[in-house]
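Just so we're on the same page: letters track the sequence lines, and every chain starts at 1. Below, all heavy atoms of this structure are taken into account, side chains as well, without hydrogens, waters or symmetry copies.
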Number of protein chains: 2
Amino acid sequence: MSSLPPPSTEGTPPANGGTGVATPAFSPLYQQIKGLILHSLQHGEWKPGEAIPSEIELAARFRVSQGTVRKAIDELAAENLVTRRQGKGTFVSTHAERQVQYRFLKLLPDSGDARVEGPAQRTILECRRLRASAEVARSLALRAGDSVIQIKRILSFVGVPTILEDIWLPNQPFRGLTAEQMAHYQGPTYAMFELDFGVRMVRAEEKIRAVLPDETQAQWLNVTPGTPLLSVERLAYTYNDVPMELRRGLYRTDTHHYHNKLS
Amino acid sequence: MSSLPPPSTEGTPPANGGTGVATPAFSPLYQQIKGLILHSLQHGEWKPGEAIPSEIELAARFRVSQGTVRKAIDELAAENLVTRRQGKGTFVSTHAERQVQYRFLKLLPDSGDARVEGPAQRTILECRRLRASAEVARSLALRAGDSVIQIKRILSFVGVPTILEDIWLPNQPFRGLTAEQMAHYQGPTYAMFELDFGVRMVRAEEKIRAVLPDETQAQWLNVTPGTPLLSVERLAYTYNDVPMELRRGLYRTDTHHYHNKLS
DNA sequence: GAGTGGTCTAGACCACGCG
DNA sequence: GCGTGGTCTAGACCACTCA
């Protein structure tokens, strides 16, 4: 939608130029539509798990063709922000009610990829407010000294403690979070974040190293101090690349492994 | 292309049913086109780095619309089998001449994501033919006792030995591979595989663990035996999910880390 | 059978790369 | 200025879901 009037231009489809002179960057229409849908997604016009309007409806709303809306939604689906179901509609993705729960947990049991183990048992060791260290602040794009929540917990599979985690959350969006909430919610923690705080983790990056635990870490994981462990440092982001969680995990890899697909 | 004659059906676009009765699985036209392009790709009709025919040409060849060809190519591009360049054409992907060389190597220096380090220096420790162990045979879909090539090498960054690798290749497609070839080829090893043996690694899976090196491993990597290392076991596949390489790497993570993006 | 996403077509026009 | 991929439209039909 840049120059000449394509069949119907009485509404207000997002303009491309308009403000300046020669188009500085050129953003195709479907990208602009994608941006509008994303905006609605962020601002909670549709909640996780709900259906968004049909392609035809959205096309009418934005005064573009169905094909353009389709391409916008295609990209959102490719980014896992939205899930298409033929014959039913397009739904806002959620970490809950998802075949692949624990989307971000790449640790699998060595034998049998299936999750016969069932979900992890959680033990909360600690949950407190404190001032962000310089490093935590930098990761979470806060100022050093801002209030953050720190949670320390153990995840066990079939009774065996396997993951020791430290989680840092900005206090602001997670005000009121309690250890009980962390412990008692059934299902993925990220699903609880969606439900109780409206925070959706959309993507994450992990840095992985091999380390040796200190004595207390070794005790929590029930291993000897000489046992090598995987150190997994995760930064999880909401919409717009806003970091929302820093997580440091120690993974036992004697019965499990970190699995990754490359392409 | 299932029942009624859409505008032009004089040629031989791939049929959907034809053999049986009620369509058993339904494969859309563009998937069939994708399959045909893939077939040409596998059989070397176009070599890595070369351009494939334009969308219009392919549409004419297969007697379908450009849009259908486009969707087929879109999927191939999404799988990194092919690379689109606006204004120029669509090119067969290659591990060589690629901005992102070392596509499958996820180890980054802790400071500075850029590859200021330059490419890794390679030291070949060993390169020999032997009979596949049961385990190697299983991974590579061979019979135990089939001939395989084993390469042991060290990768160093800025002079520091960082990765100790064992590579197993089926002897069949790699007949004639020498230690000199492994050592002297400039650029990614996978690029050499493409060039000299016509083998294209298309995707891979990795299993990652934390381990302690034995004495000789520790010596090669110039670390003490108590130093925890990342064990990265990679199975790389060509077209059609045929496994073509098994690789076991030990990564030092004191100055580097394994980086992974989740979504 | 109505509604939704999915496929396919045909044609017009745009942005980009290169000679 | 041509050829290539990229965008956008409009309309027809198909496959799937559910009432």
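Residues from residues 47-56 of chain A with heavy atoms under 4.0 angstrom of DNA chain C, sorted by number: A:Ser54, A:Glu55.
For A:Asn80 against B:Ser263, the heavy-atom pair with the smallest separation is ND2-O, 2.6 Å.
Atom NZ of A:Lys106 and atom NZ of A:Lys261 lie 7.5 Å apart (nearest 0.5 Å). Rounded to the nearest 0.5 Å, atoms OG1 (B:Thr83) and CD1 (B:Ile52) are 10.0 Å apart.
Going from atom CD of B:Glu75 over to atom C1' of C:dG6 covers 12 Å, rounded to whole Å. When the P atom of D:dT4 is taken as reference, atom CG of B:Leu58 falls 11 Å away, rounded to whole Å. Nucleotide D:dC14 holds its C1' atom 13 Å from the NZ atom of B:Lys71, rounded to whole Å. Rounding to whole angstrom units, NZ of residue B:Lys34 and P of C:dC8 are separated by 13 Å. Across the protein-nucleic acid pair, A:Ile73 atom CD1 and C:dG5 atom P stand 7 Å apart, rounded to whole Å. C:dC8 atom C1' lies 12 Å from atom CD of B:Gln32, rounded to whole Å. Atom OH of B:Tyr30 and atom C1' of D:dA15 are 13 Å apart (whole Å). If you measure from atom CD of A:Gln66 to atom P of D:dC13, you get 15 Å, rounded to the nearest angstrom.
Residue B:Asp74 is the one, among B:Asp74 and A:Thr68, whose nearest nucleotide of DNA chain D lies closer to the 5' end (criterion: closest heavy atom). Take the nearest nucleotide of DNA chain D for A:Gln31 and for B:Gly89: the residue whose nucleotide is more 5' is B:Gly89.
A:His256 has its ring centre less than 6.0 Å from the ring centre of A:Phe157. A ring-centre distance under 6.0 Å is not found for B:Phe193 and B:His95.
Side-chain atoms of A:Gln121 and A:Ser156 include no donor-acceptor pair closer than 3.5 Å.
Relative orientation of the A:Phe197 and A:Phe174 rings is tilted, given thresholds of 30° and 60° on the angle between their planes. Relative ring orientation between B:His43 and B:His39 is described as parallel, the plane-to-plane angle staying below 30° on a 0-90° scale split at 30° and 60°.
In the set C:dG6, C:dT4, C:dA10, C:dA10 carries the atom at the smallest distance from any side-chain atom of B:Ser65. Residue B:Thr90 places its side chain closer to D:dG5 than to any other of D:dT4, D:dT9, D:dG5. Residue B:Arg70 has its side chain nearest to D:dT7 when only D:dT9, C:dC8, D:dT7 are considered. Out of D:dG6, D:dT7, C:dG6, the shortest distance to the side chain of B:Arg84 is found at D:dG6.
A donor-acceptor pair is defined here as one N or O able to donate and one able to accept, closer than 3.5 Å; no such pair exists between the side chain of A:Glu245 and the backbone of A:Leu235.
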Identify the pairs formed between an N or O of the protein and an N or O of nucleotides 16-19 of chain C at a distance under 3.5 Å, and give each distance.
unit_1, atom_1, unit_2, atom_2, d
C:dC16, O4', B:Gln86, OE1, 3.3
C:dC18, OP1, B:Lys88, NZ, 3.1

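Below the 3.5 angstrom threshold, one finds no donor paired with an acceptor across the side chain of A:Arg85 and the base of C:dG5.
Judged by the 6.0 Å distance and 45° axis criteria, B:Arg85 is positioned over the aromatic ring of B:Phe91.
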